[in-house]
Amino acid sequence: LTTDRFGNANSAYSFDSKTNYIDIGNASVINFSDNISISVWIKPTGLSSNMKIIEQVDSVNNWANYQLAVLANGVVNMGLRINNSTTAYTTSNEKVVINEWSHILITWNLNQNSNQCQIYLNGQEVSYSQQTSLNNSLWTGTPENTSIGAGAHSTFEGVIGGLDDMRIYNTALDSNE
């Protein structure tokens, strides 16, 4: 545990990208096909090539059904699997800042926003360097497990720093929420 964004000791989770993560299993409440929102506060103390904040993998071929990550240059990246062999990625132009708390919100609704994933950083929708239209329901495959703080099949590609107040919704939040 680490200090949260309000200064409360032992109130946020601390990750080292190598040895710790949270396995939340594969409960049906975290399997999505047409709406998803993920909200999280992150305080990276360093950056690695693919710091996976949350990832759910498929048990058949070990592909991610969905994953939210911060890349080596600090940009936010969301991957949503749209069929058996294709993942649509949305990557922000804006970056999280090392040693500062940043709020990330991703949201996607099959029938709104031109079928595109939206990323908000500290309450503002960001511009994108890559954005793929998701004109179909998400691939759900056979979910195996979902991990917070690292890739779902390993303890590498994980967060370096703290995570706080993660929330996962089966609806697409709008800008007022």
Side-chain angles (χ1 to χ4, degrees), residues 1-25 29-30 32 35-57 64-81 87-108 116-131 145-177:
L1 294 174
T2 189
T3 303
D4 70 10
R5 67 186 191 282
F6 300 114
N8 300 314
N10 299 319
S11 296
Y13 291 97
S14 177
F15 299 92
D16 64 5
S17 84
K18 301 289 181 202
T19 60
N20 50 8
Y21 64 98
I22 301 167
D23 185 341
I24 58 174
V29 297
I30 54 175
F32 308 100
N35 296 296
I36 184 173
S37 294
I38 300 172
S39 171
V40 64
W41 286 88
I42 184 170
K43 182 181 180 182
T45 55
L47 295 172
S48 66
S49 63
N50 191 9
M51 293 193 332
K52 293 180 180 173
I53 296 170
I54 185 168
E55 179 180 61
Q56 181 188 76
V57 296
N65 290 336
Y66 58 87
Q67 68 177 23
L68 173 61
V70 173
L71 305 182
N73 60 355
V75 299
V76 178
N77 180 270
M78 183 66 195
L80 296 167
R81 192 157 150 209
T87 300
Y89 291 98
T90 301
T91 304
S92 71
N93 287 323
E94 287 76 11
K95 301 175 182 182
V96 298
V97 179
I98 293 177
N99 295 317
E100 290 184 19
W101 283 105
S102 295
H103 181 253
I104 298 170
L105 170 68
I106 69 93
T107 185
W108 176 72
Q116 295 179 330
C117 180
Q118 295 174 283
I119 300 174
Y120 295 83
L121 187 58
N122 296 318
Q124 300 296 314
E125 185 174 8
V126 300
S127 60
Y128 309 99
S129 61
Q130 178 181 358
Q131 191 172 36
N145 67 328
T146 306
S147 291
I148 296 172
H153 272 278
S154 64
T155 56
F156 64 91
E157 294 189 324
V159 170
I160 303 169
L163 295 178
D164 195 17
D165 289 335
M166 176 174 275
R167 295 170 190 241
I168 305 167
Y169 301 92
N170 63 353
T171 187
L173 300 177
D174 63 34
S175 60
N176 296 322
E177 295 174 295

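These numbers come from the heavy atoms of this one structure, side chains and all, not from hydrogens, waters or symmetry mates.
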Should S127 and E94 be marked as a side chain to side chain donor-acceptor pair (under 3.5 Å) after you check the CA-CA gap, both sets of side-chain angles, and the distance that decides it? CA-CA 7 Å; S127 60; E94 287 76 11; 3.3 Å; yes
In the structure I gave you, are the side-chain heavy atoms of N99 and T45 within less than 4.5 Å of one another anywhere? yes
Between the CZ atom in F15 and the OG1 atom in T2, the distance rounded to the nearest 0.5 Å is 11.0 Å
Test item: L121 and I104 side chains (from C-beta on) under 4.5 Å apart, heavy atoms: yes
What pairs of donor and acceptor atoms, side-chain ones from residues 64-72 against any protein atom, are under 3.5 angstrom apart with sequence neighbours left out?
| from | atom 1 | to | atom 2 | distance (Å) |
| --- | --- | --- | --- | --- |
| N65 | OD1 | R81 | NH1 | 3.2 |
| N65 | ND2 | Q56 | OE1 | 3.1 |
| N65 | ND2 | T140 | O | 3.2 |
| Y66 | OH | I30 | O | 2.7 |

Enter the distance from I24:CD1 to S147:OG here, rounded to the nearest 0.5 Å. 8.0 Å
Show me, pair by pair, the donor-acceptor contacts under 3.5 angstrom made by side chains of residues 162-173, not counting sequence neighbours?
| from | atom 1 | to | atom 2 | distance (Å) |
| --- | --- | --- | --- | --- |
| D164 | OD2 | R5 | NH1 | 3.2 |
| D165 | OD2 | R5 | NH1 | 2.4 |
| D165 | OD2 | R5 | NH2 | 3.1 |

What's the separation between atom CG in N145 and atom CD in E55, rounded to the nearest 0.5 Å? 8.5 Å
Any side-chain heavy-atom pair from L47 and N73 closer than 4.5 angstrom? no
Minimal non-hydrogen separation, S48 against G158, with atom names: OG-O, 3.8 Å
For V76, does its backbone N or O pair with a side-chain atom of S92 as donor and acceptor, under 3.5 Å? yes
For residues V75 and N93, determine if any side-chain heavy atom of one lies less than 4.5 Å from a side-chain heavy atom of the other. no
V159 side chain near I53 side chain, heavy-atom distance below 4.5 Å: yes
Looking only at heavy atoms, which two atoms of I119 and Y128 are closest? And how far apart? N-OH, 2.9 Å
Side-chain heavy-atom pair I160, P44 within 4.5 angstrom cut-off: no
Nearest non-hydrogen partners of W101 and A12, listed with the distance: CH2-CB, 4.0 Å
Dump the intermediate steps for side-chain contact (heavy atoms from CB on, under 4.5 Å) on T107 and Y120, then the final yes or no. CA-CA 8 Å; T107 185; Y120 295 83; 3.9 Å; yes
Looking at side-chain heavy atoms only, is the closest gap between S39 and H103 below 4.5 Å? yes
Can you check whether Y13 reaches L1 side chain to side chain, under 4.5 Å on heavy atoms? yes
